Participant: 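Below is the structure I would like to discuss, written out as structure tokens.
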Amino acid sequence: MAGVNESNSDSVVGSDVLSLESIRESLIRQEDTIVFSLIERSQFPLNALAFEDSGNSSSLTEFFVREIEFLQAKVGRYENPEENPFFLDNIPHPVFPTHKYPTVLHPKALFVNINKRIWDVYFKELLPLFVKPGDDGNYPSTAASDLACLQALSRRIHYGKFVAEVKFRDAPQDYEPAIRAKDTEALMKLLTFEKVEEMVKKRVQKKAETFGQEVKCISSDSGDESEKKYKVDPLVVSRIYGEWLIPLTKLVEVEYLLRRLD
Ligand SMILES: C=C(O[C@@H]1C=C(C(=O)O)C=C[C@H]1O)C(=O)O
């Protein structure tokens, strides 16, 4: 994969120098994907029957995600350390020769995976905030939209591993004592930048306003701000970041750091 300066890719994995700045640029780019994926999903109602557990058999959505992940693993998706599967305990080998991704992450901390938590949070807490209640039976399209959201959210949240690696490399003397003491509170304090978080929340609100406004082809009238309609409430997007995505990213950072000296 090309480095961040050589292409439009939002990946940092291939870049020679890993910096907090380049990682943050990637996170900013990923906001576009996330906001768009939420907007796409919001065209369908909740459609809970597609994803609710029906006793011992898996839901349509779970079946769909498992099958797609299996296929994507075969074309090498999970060779990329930015990608983390939801269900694969045994990831099938890629069928084609794969790119050799440079080793950036610490091998013993590389496998942090909180997708189980992300799955539960997404279906139980996030979805009801930005889709209408109800059921239109359109389960296959809904499941495809859910997968797009889940993969975008998971990628963003697990980027915490790269963030943590860079922060550790920049100041090992600060992090090592807290890691050895398994002091999660101290780690959380060290890795938190409140100003950056505030900026992220404001920016995603703006992106949701921009990407999700109803575009009408009417004369030159620029429209009354108060009449603007949005596909997904921009404040909800900001809240999703502030209450879930940022805290989960920081959780991944802490989980990674706790294993960084193993
Ligand atoms: C990801 C980072 O770590 C923390 C998490 C942030 C986020 O999830 O957006 C922002 C700032 C930090 O508090 C970072 O420093 O960029």
Side-chain angles (χ1 to χ4, degrees), residues 10-13 20-42 46 51 61 65 80-86 105 109 112-131 145-167 184-185 187-212 230-258:
D10 60 1
S11 162
V12 293
V13 166
L20 193 51
E21 201 192 337
S22 65
I23 293 178
R24 283 183 176 154
E25 273 170 22
S26 171
L27 291 175
I28 292 171
R29 171 63 190 82
Q30 290 179 48
E31 290 163 7
D32 300 5
T33 312
I34 290 174
V35 173
F36 273 121
S37 71
L38 301 180
I39 290 172
E40 281 299 286
R41 175 59 180 88
S42 72
L46 188 62
F51 59 81
T61 307
V65 174
N80 182 343
E82 297 173 350
E83 302 295 350
N84 299 269
F86 280 85
L105 299 176
V112 168
N113 182 329
I114 64 159
N115 273 338
K116 171 94 190 64
R117 174 101 174 255
I118 295 173
W119 180 277
D120 287 343
V121 162
Y122 175 75
F123 287 110
K124 293 190 184 129
E125 298 175 62
L126 305 189
L127 255 189
L129 293 177
F130 71 94
V131 303
S145 281
D146 282 328
L147 176 61
C149 291
L150 286 165
Q151 287 186 329
L153 299 180
S154 170
R155 185 167 202 263
R156 196 275 177 201
I157 290 165
H158 287 100
Y159 243 67
K161 294 187 224 177
F162 294 95
V163 177
E165 177 61 29
V166 165
K167 288 180 181 170
T184 53
E185 238 172 75
L187 287 173
M188 197 55 103
K189 226 172 167 181
L190 279 171
L191 61 81
T192 295
F193 291 79
E194 268 161 27
K195 277 207 180 116
V196 175
E197 294 183 18
E198 286 313 309
M199 234 149 56
V200 170
K201 285 189 274 177
K202 280 204 195 111
R203 194 174 45 241
V204 294
Q205 181 178 336
K206 186 95 192 147
K207 285 184 179 181
E209 285 168 9
T210 310
F211 306 161
Y230 302 110
K231 296 188 171 117
V232 171
D233 181 350
L235 285 174
V236 166
V237 175
S238 181
R239 212 183 128 204
I240 287 177
Y241 261 81
E243 290 181 33
W244 289 279
L245 302 193
I246 293 174
L248 288 170
T249 305
K250 296 205 296 186
L251 174 68
V252 166
E253 289 182 54
V254 169
E255 291 295 320
Y256 179 89
L257 286 166
L258 287 172

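What you see is a predicted model; the values in this text were computed from it and never measured. Positions are given from 1, in the same order as the sequence printed here.
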Participant: To the nearest 0.5 Å, tell me how far L257 CG sits from T184 OG1.
Facilitator: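 Answer for the CG-OG1 pair, L257 versus T184, is 11.0 Å.
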Participant: Return the set of residues passing side chain to side chain donor-acceptor pair (under 3.5 Å) with K124 (not counting sequence neighbours), or none when no residue passes.
Facilitator: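 None.
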Participant: Apply side chain to side chain donor-acceptor pair (under 3.5 Å) to T249 and list each qualifying residue two or more places apart in sequence or on a separate chain.
Facilitator: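 Checked T249 against side chain to side chain donor-acceptor pair (under 3.5 Å); matches are R156.
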Participant: Can you list the residues that meet the side chain to side chain donor-acceptor pair (under 3.5 Å) rule with E255, with sequence neighbours excluded?
Facilitator: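 E255 satisfies side chain to side chain donor-acceptor pair (under 3.5 Å) with R259 only.
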Participant: Assess whether side chain to side chain contact (heavy atoms under 4.5 Å, CB included) is satisfied between R41 and L127, documenting all intermediate values.
Facilitator: CA-CA 9 Å; R41 175 59 180 88; L127 255 189; 3.7 Å; yes
Participant: Checking F36 now: which residues fulfil ring pair (Phe, Tyr, Trp, His ring centres under 6.0 Å) with it, not counting sequence neighbours?
Facilitator: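 With sequence neighbours excluded, F36 shows a ring pair (Phe, Tyr, Trp, His ring centres under 6.0 Å) to F211, given in chain and number order.
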Participant: Sequence neighbours left out, what passes salt bridge (Lys or Arg N to Asp or Glu O under 4.0 Å) with R203? Give chain and number order.
Facilitator: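 In terms of salt bridge (Lys or Arg N to Asp or Glu O under 4.0 Å), with neighbours along the sequence ignored, R203 is linked to E31.
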Participant: Could you work out, with side chain to side chain donor-acceptor pair (under 3.5 Å) as the rule, every residue matching K250, not counting sequence neighbours?
Facilitator: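 K250 satisfies side chain to side chain donor-acceptor pair (under 3.5 Å) with T192, E197 only.
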Participant: The criterion is side-chain contact (heavy atoms from CB on, under 4.5 Å); which residues satisfy it with K206, sequence neighbours excluded?
Facilitator: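 Checked K206 against side-chain contact (heavy atoms from CB on, under 4.5 Å); matches are E209, T210.
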Participant: Before you tell me yes or no, could you show the steps for L251 and R117 under side chain to side chain contact (heavy atoms under 4.5 Å, CB included), namely the whole-Å CA-CA distance, both residues' side-chain angles and the distance that decides it to 0.1 Å?
Facilitator: CA-CA 11 Å; L251 174 68; R117 174 101 174 255; 3.4 Å; yes
Participant: Taking only residues at least two apart or on different chains, which pairs with a member in residues 187-196 satisfy salt bridge (charged side-chain N to carboxylate O under 4.0 Å, His left out)?
Facilitator: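 Listed by first then second residue: nothing to list.
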Participant: Can you tell me how far apart CD1 (I118) and CZ (F123) are? Round to the nearest 0.5 Å.
Facilitator: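 If we round to the nearest 0.5 Å, I118:CD1 and F123:CZ are 12.0 Å apart.
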Participant: Find the distance between CG (L150) and CZ (R155) and round it off to the nearest 0.5 Å.
Facilitator: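 So the gap between those two atoms works out to 15.0 Å.
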Participant: In a table with atom names and distances, give each donor-acceptor pair under 3.5 Å that connects a side chain of residues 234-248 to protein atoms at least two apart or in another chain.
Facilitator:
unit_1, atom_1, unit_2, atom_2, d
S238, OG, K201, O, 3.2
R239, NE, E243, OE2, 2.9
W244, NE1, E125, OE1, 3.1

Participant: In Å, rounded to the nearest 0.5 Å, how long is the span from CD of E40 to CG of D146?
Facilitator: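 Going from CD on E40 over to CG on D146, the span is 12.5 Å.
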Participant: Of all residues at least two apart in sequence or in a different chain, which pass the ring pair (Phe, Tyr, Trp, His ring centres under 6.0 Å) check with F130?
Facilitator: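 Testing F130 for ring pair (Phe, Tyr, Trp, His ring centres under 6.0 Å), a comparison that skips the adjacent residues, returns none.
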Participant: Go through the structure and list residues passing salt bridge (Lys or Arg N to Asp or Glu O under 4.0 Å) with D32, not counting sequence neighbours.
Facilitator: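 If we apply the salt bridge (Lys or Arg N to Asp or Glu O under 4.0 Å) test to D32, skipping adjacent residues, the hits are K207.
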Participant: Applying side-chain contact (heavy atoms from CB on, under 4.5 Å), name anything that partners N113, two or more places apart in sequence or on another chain.
Facilitator: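 N113: side-chain contact (heavy atoms from CB on, under 4.5 Å) contacts with N84, P85, N115, H158.
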Participant: What's the verdict on side chain to side chain contact (heavy atoms under 4.5 Å, CB included) for F193 and E198, showing C-alpha distance, side-chain angles and the deciding distance?
Facilitator: CA-CA 9 Å; F193 291 79; E198 286 313 309; over 6 Å; no
